[in-house]
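First the proteins, then the strands, lettered A, B, ... as listed; each starts at 1.
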There are 2 protein chains.
Amino acid sequence: MPRGDSSALQIREASLELFFRHGVSGTSLRMVAESLGVTKAAIYHHYRTKDDIVRAVLDPAFTTFTTLVERVDALPPDEQVMALVRGLARQAVVHRRLYAVTLHDVTAAELRRGSAQEQTFRRMRDLLAGPASDRGSVARSALFLSGLMAPAVDADLLAMDGAELEAAIIEAGARLLGRD
Amino acid sequence: MPRGDSSALQIREASLELFFRHGVSGTSLRMVAESLGVTKAAIYHHYRTKDDIVRAVLDPAFTTFTTLVERVDALPPDEQVMALVRGLARQAVVHRRLYAVTLHDVTAAELRRGSAQEQTFRRMRDLLAGPASDRGSVARSALFLSGLMAPAVDADLLAMDGAELEAAIIEAGARLLGRD
DNA sequence: GTCTATATTTGGATAGAC
DNA sequence: GTCTATCCAAATATAGAC
């Protein structure tokens, strides 16, 4: 990473990579600065606090989820489950690391707690569980949502072709959540 | 937690609770000490470093996984997938927090990297994928493994009756990984 | 086995020069 | 927009008394 080029975008990209590898609270601003070849003070010129960076990194993911849920909510009930599965599969594959940190990191979860985003995650699980929502389908929906971090966690999936992986996740969703 | 009773076991229990809620690197020894009503120095009497505590907390989980894999490896091939699913479902339900931290926390993953435990996790995934091991079944296996942290992540699953949740996870495994 | 006190390092954050 | 230098708080860890 060439010095003199640490724009806000580069800071977010470097941060996401480190958040993914070491966790949000395991990542210091010194680590971010060093990975960009600048000093901490340079970072602080672009963001006021570490928390601002965390929010800026995670925000696009939250927006994506909210948009997805709104779009799926507008569909006929019998299309909702698989539309959401397809949308989530796409996100989990295209933005593997962002998705993993958003879903998975404890600090991200704390940030989410009590916010509108928490409602969005809850709504996703309920949409996946369908109108019946017996405890079995709620459990399978939650398992599917947690399972979506697999593309970021498993080394072989991380290396797998995007389209193929996306198709595999969609099939997994159909098996787990499809009509009995 | 009464003071004067912070044995090594109590330190591990308090640490696990905090690791689960705040992540390993989000948990300080001060937090552990305060939750036990003692000082940091008392903790250091029982463990030499924070890393020692982390290892001591996670070790039982690793042992359980290793034992489970050895047991499943000795079974006839056509029984292996569902035996492993049942074993994992049991662990995921009974030791929700320990399981979640072990599988899920980035610091735990770093600790695992390059160790024998990494091989055990790999072996679990391969056993679940079965002998064919096309990329689709590898993806579904990885998704199931990641999905097993759902009981620790989802509030409703966290509250669900153990036996019922275990049965739901086993059914999810059968749907995802069962013979086509 | 736990305490008080302290050493040392790291992390978040700011001031002011260039 | 980046630097050096610095502040302050918190974290890991140790020493020595009780």
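As rounded to whole Å, 14 Å separates atom P of dT4(C) from atom CD1 of I43(B). As rounded to whole Å, 15 Å separates atom C1' of dG11(C) from atom CG of L18(A). Going from atom CG of L29(B) over to atom P of dT6(C) covers 21 Å, rounded to whole Å. Atom OH of Y47(A) and atom C1' of dG1(D) are 15 Å apart (whole Å). If you take NZ of K40(A) and P of dT4(D), they are 13 Å apart, rounded to a whole angstrom. Residue L36(A) contributes atom CG, which lies 9 Å from atom P of dT2(D) at whole-angstrom precision. Atom-to-atom, CD1 of I11(B) to P of dG1(C) comes out at 10 Å; the value is rounded to the nearest Å. Rounded to whole Å, atom P of dG11(C) lies 8 Å from atom CE of M31(A).
Applying the side chain to side chain donor-acceptor pair (under 3.5 Å) rule to pairs touching residues 147-168 of chain B yields R122(A)-D156(B), R125(A)-D154(B), R125(A)-D156(B), R135(A)-E164(B), R90(B)-E166(B), sequence neighbours excluded.
Closest to the side chain of Y44(B), from the set dC3(D), dT2(C), dT14(D), is dT14(D). Checking dG11(C), dC3(D), dA13(D) against every side-chain atom of A42(A), the shortest atom distance belongs to dC3(D). With dG1(C), dA15(D), dG12(C) as the candidates, the nucleotide lying closest to the side chain of H45(B) is dG1(C). The side chain of A41(B) lies closest to dT4(C) when the candidates are dG1(D), dA13(D), dT4(C).
At the heavy-atom level, S28(A) lies under 4.0 Å from the strands shown only through sugar-phosphate atoms.
A cation-pi arrangement is absent between R112(B) and F62(B), since the terminal nitrogen or guanidinium carbon is not both under 6.0 Å from the aromatic centre and inside a 45° cone about the axis.
Atoms CZ and CG, on R96(A) and L157(A) in that order, are 7.5 Å from each other to the nearest 0.5 Å.
Between dC3(D) and T39(A), a contact under 4.0 Å exists linking OP1 or OP2 to a side-chain N or O.
Considering all non-hydrogen atoms of both residues, T49(B) and Y44(B) come closest at CA-CE2, 4.4 Å. Minimum interatomic distance between D73(A) and Q80(A) (heavy atoms only, all atoms of both residues): O-NE2, 3.4 Å.
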